[in-house]
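Heads up: the structure comes next, in C-alpha cells.
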Amino acid sequence: ALIKRTPVAEYTDEYLDAVLDLNVKPVVRLVRDGAAQMRRQGGGSIINLSSIAARHGGGPRSVLYAAAKGFVAVATRGWAKELAKDRIRVNAVSPGVVLTPFHERYSTAEQLATMQATVPVGRLGLPEECVGAFLYLASEQMSGYVTGQMVEVNGGQYMP
C-alpha cells in the first residue's frame, strides 16, 4: 500500500522503514511461512500483490512504493523457480489505478483524471475487479501450469 506521496528530498529513515514494513517484509514472511506449510501438504498456490507502479516507476512522489512493488514482482518470479519443485506455484496480481481509500485520501480529482486519461477502457478500476485474477491463480484446475506470472488488471493501461 502507498503510505503517502513523498519526494526523495523528504525521505526519512522512518518513512523508508514504513514502506518496507508494509510492502516487502510481510510478503517475504508470507512466502517463507506459507511455503513451509504448502510443502507439508504437497503443494499449493501463493499469490502476491504487485502494482502497475512496479512497471513504470510509480506516480508523482511514489517511487519507494513502486520500488517495493518491483521487489514483489521480481521476488515472485524467483520464488516461482525455487518452489516449483515443491509443487508450489507463485504468481502475483498487478492492479493498475484502482479506486481505494488511499486515492480518496491522497489523490486529487485532477490526478485521478490524468490517470484515467491513460486507461484505454476510459475509467479507473474497482477493487472487486481484481477478484477474478486471484480466483484464477488460486485454482489448480484453471491455472495449474501457471507460475512466475504477473496478471495485469489495469484496463489496458499497461500491456507487456
Item checked: Results of side chain to side chain contact (heavy atoms under 4.5 Å, CB included) for E14 - residues two or more places apart only -> T12
Notebook entry, point to check: For the residue pair P127 and V98, what are the closest heavy atoms and their distance?
Noted result: N-CG1, 3.3 Å
Check: Closest approach of P120 and G155, non-hydrogen atoms and distance?
Finding: CD-O, 3.3 Å
Item checked: Connected-component partners of L135 among ILVMFWY, side-chain separation under 4.5 Å -> V131
Note to self: I'd like to know if the side chain of R89 and the backbone of T147 have a donor-acceptor N/O pair within less than 3.5 Å.
What the structure shows: no
Item checked: Least distance between heavy atoms, S50 atom then P95 atom -> O-CD, 3.5 Å
Next item on the list: Among residues two or more places apart or on two chains, list those pairs meeting side chain to side chain donor-acceptor pair (under 3.5 Å) that have a residue in residues 117-137.
Entry: T118-Q157, R123-E129
Notebook entry, point to check: Counting only N and O atoms by type, is there a donor-acceptor contact under 3.5 Å from the side chain of S139 to the main-chain atoms of M142?
Noted result: yes
Notebook entry, point to check: Any sub-3.5 Å donor-acceptor pair from R61's side-chain atoms to K4's backbone N or O?
Noted result: no
Checklist line | Co-members of the apolar cluster containing I52 [side chain, <4.5 Å] | finding: Y158
Next item on the list: Report the residues that fulfil side chain to side chain contact (heavy atoms under 4.5 Å, CB included) with S107, sequence neighbours left out, ordered by chain and then residue number.
Entry: R5, F102, H103, Q111, L112, M115
Next item on the list: Please indicate whether E110 has more than 12 foreign heavy atoms, meaning atoms of other residues, nucleotides or ligands, lying under 6.0 Å from its CD.
Entry: no
Next item on the list: With sequence neighbours excluded, tell me which residues meet salt bridge (charged side-chain N to carboxylate O under 4.0 Å, His left out) with D86.
Entry: R39
Checklist line | Distance, nearest 0.5 Å, that separates NE2 of H56 from OG of S51 | finding: 6.5 Å
Note to self: For G148 versus N91, what's the shortest heavy-atom pair and its separation?
What the structure shows: N-OD1, 3.1 Å
Next item on the list: Enumerate the residue pairs fulfilling side chain to side chain donor-acceptor pair (under 3.5 Å) with a member in residues 24-36, sequence neighbours excluded, ordered by first and then second residue.
Entry: D21-K25
Margin query: Could you list the cluster mates of M150? Members are the ILVMFWY residues connected by side-chain heavy atoms closer than 4.5 Å, either directly or through other members.
Written below: none
Check: Counting N and O atoms only, with roles assigned by atom type, does the side chain of K69 sit under 3.5 Å from a partner on the main chain of G57, one being a donor and the other an acceptor?
Finding: no
Check: At what distance, to the nearest 0.5 angstrom, does CZ of R87 lie from CD of E140?
Finding: 6.0 Å
Note to self: Minimum heavy-atom separation for A53 and A66, please, with both atom names.
What the structure shows: O-CB, 3.3 Å
Checklist line | Residues that A133 engages under side chain to side chain contact (heavy atoms under 4.5 Å, CB included), provided they are two or more places apart | finding: V93, V151, V153
Next item on the list: Apply salt bridge (charged side-chain N to carboxylate O under 4.0 Å, His left out) to E82 and list each qualifying residue two or more places apart in sequence or on a separate chain.
Entry: none
Note to self: Clusters formed by hydrophobic residues whose side-chain heavy atoms approach within less than 4.5 Å: which one holds Y11, and what are its other members?
What the structure shows: I3, V8, Y15, L16, V19, L20, L22, V24, V27, V28, L30, V31, M38, I46, V63, L64, F71, V72, W79, L83, I88, V90
Note to self: The criterion is side chain to side chain donor-acceptor pair (under 3.5 Å); which residues satisfy it with S94, sequence neighbours excluded?
What the structure shows: E152
Notebook entry, point to check: What's the spacing between I47 CD1 and Q149 CD if we round to 0.5 Å?
Noted result: 13.0 Å
